[in-house]
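What follows is one structure encoded as structure tokens, with my remarks underneath.
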Amino acid sequence: MTTTTPHADLHPALDVPLLRDLVHPDRELWTPRELRELTSAVASRLTTPLLEVLRYDRERRWWARLGLTGGVELWLLSWLPGQGTEPHDHGGAAGSFTVLTGELSEEYRYPGGPVRGATRPAGSALGFGAGRAHRVLNRGMIGAASVHAYSPPLVPTREYPSLLDIPDEIPPLPARRLPLEQLREPADQEDL
């Protein structure tokens, strides 16, 4: 019987022992609490290398994949004033984000519930389960950045015309995901 060593693909600027330890390559699925702890730890303990990687793009939001394992994906996103997402869910994956710099506004909804809003200042972190949809926007006057994590990794998001159009139940995860080897292509916007 052959055993394989769990693998973590990390951004070259962040391929450090601390991040390798934080992404736990052997963990297959992460809870919302574990994802929140991950994004919070990365944002607070790797701030300097994150700021060195960070870019802003006036045409669209910028992003770079920081890490990918069989159980989690980790991203750095930037948001200039006015930039945001469409209302979306994460395809049944759990998620988290921590605001690294600036401030983000979030509108969110659980199926069947009311639309709620929150302002997320630098340092704030939240984890959420599979049944949540949201829209994130930089309504501030300066650029913002955030660290995001999702488990299982690279499950496609689903967009909605508005948060009120979310079905009463978020459909479950896809029955079949691509093999991790096919997902290990560079996903840094700078490479596009």
Taking the side chain as everything from C-beta on, heavy atoms only, tell me whether [X] gets closer than 4.5 Å to [Y].
{"X": "Thr39", "Y": "Phe97", "value": "no"}
{"X": "Arg36", "Y": "Phe128", "value": "no"}
{"X": "Pro25", "Y": "His7", "value": "no"}
{"X": "Leu154", "Y": "Leu68", "value": "yes"}
{"X": "Leu35", "Y": "Ser151", "value": "yes"}
{"X": "His90", "Y": "Val155", "value": "no"}
{"X": "Leu66", "Y": "Trp75", "value": "no"}
{"X": "His88", "Y": "His134", "value": "yes"}

Distance check, rounded to the nearest 0.5 Å: [X] atom [atom1] versus [Y] atom [atom2]?
{"X": "Leu54", "Y": "Thr47", "atom1": "CG", "atom2": "OG1", "value": "11.5 Å"}
{"X": "Tyr150", "Y": "His148", "atom1": "OH", "atom2": "NE2", "value": "5.0 Å"}
{"X": "Leu74", "Y": "Ser96", "atom1": "CG", "atom2": "OG", "value": "9.5 Å"}
{"X": "Leu29", "Y": "Glu34", "atom1": "CG", "atom2": "CD", "value": "9.5 Å"}
{"X": "Leu76", "Y": "Leu14", "atom1": "CG", "atom2": "CG", "value": "8.5 Å"}

Derivation and outcome, side-chain contact (heavy atoms from CB on, under 4.5 Å), residues Thr69 and Arg27 = CA-CA 8 Å; Thr69 73; Arg27 184 179 291 163; over 6 Å; no
Under 3.5 Å, side-chain donor or acceptor atoms of residues 114-125 against the rest of the protein: list the pairs with distances, not counting sequence neighbours.
residue, atom, partner, partner atom, Å
Arg120, NE, Glu106, OE1, 3.0
Arg120, NH2, Glu106, OE1, 2.7
Ser124, OG, Pro121, O, 2.8

Identify whether Trp79 and Ile142 are in the same connected component of the hydrophobic contact network (ILVMFWY, side-chain heavy atoms under 4.5 Å).
->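 Not linked; separate clusters.
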Can you name the nearest heavy-atom pair linking Leu10 to Gly67, along with the distance?
->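 Nearest heavy atoms, Leu10 then Gly67: CD2-CA, 3.9 Å.
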So, does Arg109 use its side chain to make a donor-acceptor pair with the main chain of Ala133 at under 3.5 Å?
->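 Judged by distance alone, no pair lies under 3.5 Å.
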Between His24 and Asp26, does a side chain to side chain donor-acceptor pair (under 3.5 Å) hold up when you go through it step by step?
-> CA-CA 5 Å; His24 299 284; Asp26 56 336; 4.7 Å; no
SB check Arg20 Asp15 (cutoff 4.0 Å) =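 Looking at Asp15 together with Arg20, the answer is yes, because their closest N to O distance falls below 4.0 Å.
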Does the pair Glu86/Arg61 count as a salt bridge with the N-to-O cut at 4.0 Å?
->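 Salt bridge absent between Glu86 and Arg61.
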Answer yes or no on whether Arg60 is positioned over the face of Trp62, meaning its NZ or CZ is under 6.0 Å from the six-membered ring centre and within 45° of the axis.
->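 No, Arg60 does not sit over the ring of Trp62.
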Honestly, is Arg132 close enough over Tyr108, meaning NZ or CZ under 6.0 Å from the six-membered ring centre and within 45° of the axis?
->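 Yes, Arg132 lies over the aromatic ring of Tyr108.
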Run the numbers on Leu19 and Leu46 for side-chain contact (heavy atoms from CB on, under 4.5 Å), then give the verdict.
-> CA-CA 8 Å; Leu19 187 54; Leu46 294 168; 4.1 Å; yes
Side chain to side chain contact (heavy atoms under 4.5 Å, CB included) partners of Leu80, counting only residues at least two apart |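 Partners of Leu80 by the side chain to side chain contact (heavy atoms under 4.5 Å, CB included) criterion, ordered by chain and then number, come out as Tyr56, Arg58, Gln83.
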For Val42, the option from Val147, Val23, Leu100 that meets side chain to side chain contact (heavy atoms under 4.5 Å, CB included) =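 Single pass found, and it is Val147.
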